[in-house]
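Nothing fancy with the numbering, it's 1 onward along the sequence. Atoms within each ligand, like the ligands themselves, are counted from 1 in listed order.
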Amino acid sequence: MKQMEKFAMVKVGQRFPLTIKRLGINGEGVGFFKKTVVFVPGALPGEEIVAEVEKVHPKRIEARIQKFRQKSKDRVDAPCVYYDECGGCQLQHLAYDAQLREKRALLLQTLARYTEHDETFWDKLTRPMKGMDDPWSYRNKSQFQVKQVGRNVLAGLYAEQSHHLIDVERCIVQDPRLDEITRGVVEIVRDLQISIYDEKKGGEKGLRTIVVRVGMKSGDAQLTLVTKSGDLPKQDLLLKRVSARFPQVKSIVHNIQASKGSEVFGEQTQLLYGTRTIREEIKEIQYELSARAFFQLNPSQTKVLYEEVERMAQLTGKEKVVDAYSGVGTIGLWLAPHAGEIRGMEVIPDAVKDANKRVRAEGYSHVSYEVGTAEKVFPKWAKKGFKPDVVVVDPPRIGLDEEMINTLLKSAPKRIVYVSCNPATLAKNVSDLSQKYKVKEIQPVDMFPQTAHVECCVLLVRK
Ligand code: SAH
């Protein structure tokens with residue numbers, strides 16, 4: 001009842017002074033008004049503002065900056081011309097060294113919220129975040145939605161929570177080679193008057209998304225054209241023009257995403273031109289990338305991340321290692337020269353195919369990958385008597401499945417190296433594992449500069 005009264009006291013449009021205490025998980029500023037948490041997009045830790053209430057929820061308030069009273073010394077002008085409308089980046093207005101500091105702080109707060117330990121405890125175990133010397137043009141993949149407006153074709157990202165597509169000519173966190181190809185494809189699509197899927201009208205036909213991925217080292221590119229239904233309009237002409245204009249595009253793939261949802265890819269993929277995969281290289285290790293396979297978006301920081309994985313795994317050449325949630329086998333192939341045996345599993349069949357292709361090319365007889373979920377495959381191995389010394393897990397945002405956690409606790413490897421892209425699920429999983437494992441150290445690595453995403457590598461050792 002008390003809560004309700006307090007809640008009712010704040011009204012939309014109301015203004016009050018607010019001190020921003022920290023960053024929220026979406027990069028917004030967080031402060032407190034009469035003990036209620038207030039989220040203010042664009043505000044930075046340390047700033048004094050006048051907040052204007054936009055929405056009132058039972059336990060939180062959404063507000064906007066009505067006026068600054070004291071700006072942060074770390075506030076900078078965002079260099080991107082689309083920054084105010086585009087939802088892709090959240091922290092361009094914060095100086096890069098402050099981004100690293102604040103994202104580390106966000107990690108500590110999240111760990112404290114979902115575990116029994118406080119921030120001071122986690123602070124001692126967590127190293128400074130490793131950032132980039134040049135935190136721009138790092139992304140190796142662009143996924144732009146397309147939209148027809150009159151005779152023009154737009155390609156870019158949707159403004160946050162809206163149907164307004166921002167036509168992005170140059171996205172400064174992406175490798176410029178991606179923009180060049182995307183814009184070229186858009187021009188060709190427009191000239192050929194290829195039909196575009198209309199989100200509002202629905203319907204069955206047309207191009208939805210243009211995905212371009214580049215091998216940073218090889219310079220080879222892969223183009224994926226996503227449509228709503230089976231056919232890619234004017235396919236032959238399109239392929240001819242794209243391949244003539246962009247000889248670096250070595251692979252063109254058609255994917256069908258029939259559902260209305262926001263998932264970029266659907267289940268059906270067909271190779272239209274060139275090779276199924278393109279090549280990437282990180283620290284002299286070769287990787288094969290097919291269109292549907294996950295691959296880290298920031299190759300130069302991936303090197304930093306995997307060096308940490310290698311250091312934490314402490315391999316001597318004899319260990320049995322699991323590479324769980326393996327993608328194209330990136331971590332296992334990295335660790336292969338230092339391990340006795342490596343087994344990995346991954347749900348996307350094409351990614352497993354890419355991993356095993358590299359395993360064969362390297363002539364490794366001690367490395368193998370199979371298709372399946374970690375929570376099914378790992379218990380299956382364990383039942384057959386396989387006992388790993390080190391397990392590396394690199395799950396998607398949702399974290400580890402309960403079955404996976406139970407099997408880890410039962411099989412009890414000496415070390416678990418947990419690569420996490422979501423501090424909240426990391427914290428919950430660390431808590432679940434705490435009956436047998438304790439966190440030895442945490443190394444955050446900035447994989448996504450200018451955004452609020454936090455990635456880290458955690459060493460857990462058996463108690
Ligand atoms: N380790 C890889 C991939 C990490 S991304 C790298 O560093 O590149 C997480 C991967 O887990 C994705 O490839 C995704 O397809 C896969 N995945 C998602 N759910 C899974 C599950 N339940 N079991 C196994 N793999 C899963």
Going by atom types only, do [X] and [Y] share a side-chain donor-acceptor pair under 3.5 Å?
{"X": "Q222", "Y": "T224", "answer": "no"}
{"X": "T277", "Y": "E288", "answer": "yes"}
{"X": "Q286", "Y": "R279", "answer": "yes"}
{"X": "Y418", "Y": "N429", "answer": "yes"}
{"X": "Q174", "Y": "D179", "answer": "yes"}
{"X": "W122", "Y": "T115", "answer": "yes"}

(request) Test D323 against R343 for side-chain contact (heavy atoms from CB on, under 4.5 Å), laying out the working first. (result) CA-CA 6 Å; D323 174 9; R343 292 190 190 189; over 6 Å; no
(message) Students often mix this up, so state it plainly: with edges at 30° and 60°, are the rings of H117 and F121 parallel, tilted or perpendicular?
(response)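 Rings of H117 and F121: parallel, under 30°.
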(message) Which label fits Y287 and F295: parallel for a plane angle under 30°, tilted from 30 to 60°, or perpendicular past 60°?
(response) tilted
Who's closest to [atom] heavy-atom-wise, of [options]?
{"atom": "atom 17 (N) of ligand 1", "options": "V377, V347, L297, I398", "result": "V347"}
{"atom": "atom 5 (S) of ligand 1", "options": "W334, F378, F294", "result": "F294"}
{"atom": "atom 16 (C) of ligand 1", "options": "R397, R292, E346, Q296", "result": "E346"}

Which of the ligand 1 atoms, numbered from 1, are nearer than 4.0 Å to a heavy atom of [X]:
{"X": "D394", "result": "1 (N), 2 (C), 3 (C), 4 (C), 5 (S), 6 (C), 7 (O), 9 (C)"}
{"X": "A374", "result": "21 (C), 23 (N), 24 (C)"}
{"X": "I348", "result": "15 (O)"}
{"X": "G327", "result": "2 (C), 3 (C), 13 (O)"}

Which one holds for [X] and ligand 1: side chain close, backbone close, both close, or neither close, with close meaning a heavy atom under 4.0 Å?
{"X": "T373", "result": "both"}
{"X": "T330", "result": "side chain"}
{"X": "Y287", "result": "neither"}
{"X": "S326", "result": "backbone"}

(request) Please say whether F295 places an N or O atom under 3.5 Å from an N or O atom belonging to ligand 1. (result) no
(message) Polar contacts were defined as any N/O atom of the residue lying under 3.5 Å from an N/O atom of the ligand; does this apply to D323 and ligand 1?
(response) no
[atom]: nearest protein contact (heavy atom, Å):
{"atom": "atom 7 (O) of ligand 1", "answer": "Y306 OH, 2.5 Å"}
{"atom": "atom 19 (N) of ligand 1", "answer": "P396 CG, 3.8 Å"}
{"atom": "atom 21 (C) of ligand 1", "answer": "Y325 CE2, 3.6 Å"}

(message) Heavy-atom contact check, 4.0 Å cutoff: does G372 meet ligand 1?
(response) yes
(message) Any heavy-atom pair between the side chains of Q296 and T330 that's under 4.5 Å?
(response)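 Answer no - side chains too far apart.
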(message) Within this structure, what is the CD1-CD distance for the pair I25 and Q90, rounded to the nearest 0.5 Å?
(response)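 Going from CD1 on I25 over to CD on Q90, the span is 10.5 Å.
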